[in-house]
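Right, one structure below, let's go through it.
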Amino acid sequence: MGRANDEVAAALTEYADLFAMTGGDAFRVRSYQKAAKAIAGHPEDISQVNVRRVPGVGEAIAKKVEEFLSRGGFRQLDDLRAEVPEGVRRLTRVPSLGPKRAIFLYRELGIDSPEALAAAIGAGRLAGVRGFGAKSEENLLKGVEQLRQAGGRVHLGVAMDLAERVIASLPAERVACAGSVRRMKETVGDIDILAVGPPSLMEHFRRQPYVAEVIASGERKTSVRTREGMQVDLRLVPAGSWGAAMQYFTGSKEHNVRLREMCVKRGWKLSEYGLFEGDRVIAAATEEEIYQALGMPWIPPPLREDTGEVAAALRGELPDLVTLDDLRGDLHTHTNLTDGIAPLADMVAAAARLGYAYYAVTDHAPDLVMQRMTLDKALEQRAALAELQPAYPGMRLLHGTELNIGPDGAVDWPAEVLAGFDVTVASVHSHFTQPRAEMTRRFVAACENPHVHVIGHPTTRKIGRREPVDADWDAVFAAAARTGTALEIDAYPDRADLPSDLVRRARHHGVKFSIDSDSHAVPHLANLRFGVGVAQRGWLTAEDVINAWPVERLLAFLNRA
DNA sequence: GCCGTTTTCGGCCCGACTGTTTTCAGTCG
């Protein structure tokens, strides 16, 4: 999977947005969106193959893609960029504000950014404007604030990708990522890279194509802003204090404060250069020896949040965290039968290449009307899956479905139909603003449905785009534990849902989890690693995760044994 | 703009919700 795919997809998506804003035909807008999605999810590097082979890409889009690949843009995109300022496109990221009203605000009132919108509302400039009543103003203000709070933070998928590109671009003796990316935090503000190497590495870093601006530049630290707007700090560290530097710059700040307090009590000092007693170096080369000197085993970075991990380490009670290698299958994936882009056979073949012992296909169900699912289609898919099974003797294929949890907690299909599925994932897809008590009842009802095995992406948040729903989570977790309903950790990095703090709380209730990719294309299967990050931050072990279990135990959990 | 044993034109995932309106446009999943 090449970077080119993502860059092309981003350009086409931007073009679709701008085209929609400037009154472009809605069907053509959708064509660009569809092509963007298909290219982003295409398993081959788009710069190395004929883009016309990608479904949804015809002659016109292929030409634009080829122009983009050769010079980083295409004419029609340049034209629209000249017409619509960048901030106006950002306006459409304000929830409830779409392309039509965004361009209206720009053309009629000169509002050219979310900040300008908030100012205009504050100054009463929207009063009496057609289509913008008091309620709209209130919602827009709330939306702008939400956007502002997300700040410059991006989800881990974006940050990890950038961090890996930076690391690959640096010819250092040693180079690694520290900071919140290493801790697998769900959102990341900036990226910290540590390296051992010659001073010339700094100049090499500043000249990289991803660098848009050099913010600060010294012998030991260089800070840049990338074209995507992220800050990346590169620090040159002495080889002998690699471990101390990694420990220090991985954080969290709170975790480090806790360790330094311990050091102070012993008359020691812990810095990015090492653990010292006066001038004597106690430990510096590896993180392991630093933690060991403090009387504890190495603490995995995802736990380093000062939420009890130091005490647990001192007692020798750190959890044996679940790892990517522990996962034996994926229980929530889509195909092009609903909103995925890859055919069933391609998804199954890709899963087999990952060495899975089992793999579930869980396309949407009829209540999500837009997906046009029918029982006939589901049964046809079941038959097709059964036909594929003999070709994969080592991998048990499971036929599942992603159900929709309605406002009252009911799901698609009657019980006798549900009983025919190997695994069901039930998720909320609408009515996000129900009051807490109603929302809680809704989830509890879904858990109590004996045919629901997993609650999918429980909070339904989308990082930077949609707030989590409001529910009494402890009540939901208690219901999930009582009914033997697993909660999903949706590994899609803009979801990361359940969030890790709720994972940990749920675990205390005795809940089991399913770490799923929610793949809609072949490359998405690899997102599972982000879900593992969430699980580790939630202190989960393999015992807590149903898709880390052997197939027999999983099937017993699903009542399919 | 894409697509096709319903094929070279005429379709294109469809419905609900919201806030505004007085019959509907915009937004969302």
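Here is how names work: the chains are called A, B, and so on, in the same order as the sequence lines, proteins then strands, and each is numbered from 1. No experiment lies behind these values; they were computed from the predicted model shown. Quick note: numbers below take in every heavy atom, side chains included, and nothing from hydrogens, waters or symmetry partners.
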Listing time: all N or O pairs from protein to nucleotides 9-13 of chain B that are below 3.5 Å?
from: B:dC13; atom 1: OP1; to: A:Arg30; atom 2: NH1; distance (Å): 3.1
from: B:dC13; atom 1: O3'; to: A:Arg372; atom 2: NE; distance (Å): 3.0
from: B:dC13; atom 1: O3'; to: A:Arg372; atom 2: NH2; distance (Å): 3.0
from: B:dC13; atom 1: O2; to: A:Met370; atom 2: O; distance (Å): 2.9

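With A:Phe432 as the aromatic partner, A:Arg466 meets the cation-pi criteria of under 6.0 angstrom to the ring centre and within 45 degrees of the ring axis.
Using atom C1' as the reference point in both B:dT8 and B:dG4, the two lie 9 Å apart (nearest Å). Rounded to a whole angstrom, the distance from the C1' atom of B:dG11 to that of B:dT7 is 11 Å. Across the C1' atoms, B:dT20 and B:dA25 are found 9 Å apart, a figure rounded to whole Å. With both ends at atom C1', the span from B:dC12 to B:dT18 equals 26 Å, rounded to whole Å. Of the P atoms belonging to B:dC14 and B:dC9, the separation is 23 Å, rounded to the nearest Å. The same atom, C1', is picked in B:dC13 and in B:dC2; the two are 15 Å apart, to the nearest Å. Distance check on atom C1': B:dG15 versus B:dG10 gives 23 Å, rounded to whole Å.
Across the protein-nucleic acid pair, A:Asp367 atom CG and B:dC17 atom P stand 13 Å apart, rounded to whole Å. The distance from atom CZ of A:Phe104 to atom C1' of B:dT27 is 16 Å, rounded to the nearest whole Å. Protein atom CG of A:Asp363 is 20 Å distant from nucleotide atom P of B:dG29, rounded to whole Å. To the nearest angstrom, P of B:dC28 lies 11 Å from NZ of A:Lys462. If you measure from atom CZ of A:Arg52 to atom C1' of B:dC2, you get 14 Å, rounded to the nearest angstrom. The CG-P distance, from A:Asp17 to B:dT27, rounds to 12 Å in whole Å. In this entry the distance linking CZ of A:Phe132 with P of B:dT20 reads 10 Å, nearest Å. Between the CG atom of A:Asn404 and the P atom of B:dC14 there is a distance of 18 Å, given to the nearest Å.
Toward the 5' end of DNA chain B, the nearer of the two residues A:Pro55 and A:Arg130, judged by each one's closest nucleotide, is A:Pro55. Nearest-nucleotide positions on DNA chain B place A:Ser136 closer to the 5' end than the other of A:Ser136 and A:Pro99.
A side-chain donor from one of A:Asp516 and A:Ser514 sits under 3.5 Å from a side-chain acceptor of the other. No side-chain donor from either of A:Asp472 and A:Thr440 sits under 3.5 Å from a side-chain acceptor of the other.
In this structure, A:Lys64 reaches the sugar-phosphate backbone alone: every heavy-atom distance under 4.0 Å involves primed, P, OP1 or OP2 atoms, never a base. Among the heavy atoms of the strands lying under 4.0 Å from A:Arg101 are primed sugar atoms or P, OP1, OP2 only; no base atom is included. Contacts of A:Asn139 with the nucleic acid, taken as non-hydrogen atoms under 4.0 Å apart, involve only primed sugar atoms and P, OP1 or OP2. Using a 4.0 Å heavy-atom criterion, one finds that A:Phe432 contacts the sugar-phosphate atoms exclusively. Counting non-hydrogen atoms under 4.0 angstrom, A:Ala62 reaches nothing in the nucleic acid. Contact annotation for A:Ser430: no contact, since no heavy-atom pair falls under 4.0 Å across all strands. Residue A:Val29 is classed as having no contact, given no heavy-atom separation below 4.0 Å to the nucleic acid. A:Leu368 comes within 4.0 angstrom of no nucleic acid atom, judged by non-hydrogen atoms across all strands.
Note: A:His332 and A:His334 meet the aromatic proximity criterion, with ring centroids under 6.0 Å apart.
Below 30°, between 30° and 60°, or above 60°: for A:His364 and A:His520 the angle between ring planes is between 30° and 60°, a tilted geometry. Between A:Tyr15 and A:Phe74, the two ring planes are perpendicular [angle over 60°; tilted spans 30° to 60°].
In this structure, the nucleotide among B:dG29, B:dT27, B:dC17 sitting nearest to the side chain of A:Lys100 is B:dT27. Closest to the side chain of A:Ile61, from the set B:dC2, B:dG29, B:dT18, is B:dC2.
Across the strands present, B:dT8 finds no partner; the criterion is a Watson-Crick or G-U wobble pair with both atom distances under 3.5 angstrom.
An OP1 or OP2 oxygen of B:dC17 is reached within less than 4.0 angstrom by a side-chain nitrogen or oxygen of A:His431.
Under the salt bridge (Lys or Arg N to Asp or Glu O under 4.0 Å) test applied with A:Glu67, the options A:Lys63, A:Arg71, A:Lys64 reduce to a single match, A:Arg71.
Of the possible polar contacts, none joining the A:Glu448 side chain to the A:Thr483 backbone as a donor-acceptor pair under 3.5 Å is found.
To the nearest 0.5 Å, the span separating CE on A:Met230 from CG on A:Asp190 amounts to 6.5 Å.
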